[in-house]
Amino acid sequence: MSELSEIGANRSFGGWHKRFRHQSEVLGCEMVFAVYLPPAAEQGPVPALWWLSGLTCTDENFMQKAGAHRVAAELGMTIICPDTSPRGTDYPGEHDSYDFGSGAGFYLNAAREPWSRSYRMYDYVVRELPELVSEHLPVSQRQSISGHSMGGHGAMICALKNPGRYASVSAFAPICHPSECDWGRKAFSGYLGEDRLEWVKWDSCELIRGGGKVPELLVDQGEGDNFLADGQLKPEALEQVCEEHGIPLTLRRQAGYDHSYFFIASFIEDHLRYHWEFLSR
């Protein structure tokens, strides 16, 4: 098991926001992640929410912009924020665009070279990092998952591919049907190849269509989101497939809100309290 090096700590609402560095065996590189530890964590392990961020983000965006610490401190909930892709690998073309390569790991396990050597963010988020967190930090086995945009896609596929693993799942403006949008097609063809049978393994709508289940879903989508207008997010596809396959979906369309952290900060309290209902049972 890798060791953690603490690289930053900030007191926040009586708890601690901390950043850690470690060597990832799964990704073959050094990684950084962030954790918010509420005051209750000083007395013992507390439930946790995994937050998966979107394209171009690191572990820092959510922690600094979402305004989640106050409610997490009140509830006694840890928040864990991984990075969004491997770092320092420097493959050809890795840094050429915002929607592929660095900052755009898509929470899948790549199958094509050279990406398959390091771009295994699914295994990192579902297996390696949880084991590391469990070993070193006061986090209980009661865990939920959420995320934004590419991270909303990641949260949904992690929950759908691991029934019972997470107490609850939610998302902000998720990429719901990546096989059928430009972001997803670019990422899937680059990381997985052109066989669309491989794509369905990493597409929430296709996973549900194939029998994947979660008890329920909470999704917030801003109606002023330019990526919604561009056809990148496709919440209507998620709505249709959930209805067809009996998965209760609460899809809240928020008038005037865009894709930014102003949107997330406006509704993050709702999501934290939603997850706490499941985590505290």
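Taking all atoms of both residues into account, the shortest heavy-atom contact from S189 to E194 is CB-OE2, 3.2 Å. The shortest non-hydrogen separation linking R142 to A167 is NH2-CB, 3.9 Å.
S118 and Y91 share a donor-acceptor pair across their side chains, judged by distance under 3.5 Å alone. The closest side-chain donor-acceptor pair between E206 and W199, if any, does not fall under 3.5 angstrom. A donor-acceptor pair shorter than 3.5 Å can be found between the side chains of D203 and S179.
Counting Ile, Leu, Val, Met, Phe, Trp and Tyr side chains that sit under 4.5 Å apart, directly or through other members, L272 shares a hydrophobic cluster with F13, Y36, L49, W51, F62, M63, V71, L75, M77, I79, F172, Y257, Y261, F263, I264, F267, I268, W276, L279.
Note that R120 lies outside the cation-pi zone of Y124, set by a 6.0 Å cut-off to the ring centre and a 45° limit from the axis. Judged by the 6.0 Å and 45° rule, K201 forms no cation-pi pair with Y122.
Checked for salt-bridge contact, R253 and E236 miss the test: no charged N lies under 4.0 Å from a carboxylate O. R273 has a carboxylate O that lies under 4.0 Å from a charged side-chain N of E269, or vice versa, which qualifies the two as a salt bridge.
Between N61 and H148 there is no side-chain heavy-atom pair separated by less than 4.5 Å.
Here the rule is side chain to side chain donor-acceptor pair (under 3.5 Å) with S12, and of K18, H69, H17, R70 only H69 fits it.
Under a cut-off of 6.0 angstrom, the local environment of OH in Y98 is crowded, with over 12 non-hydrogen atoms contributed by other residues, nucleotides or ligands.
In summary, the aromatic rings of F100 and Y191 are positioned with their centroids under 6.0 Å apart.
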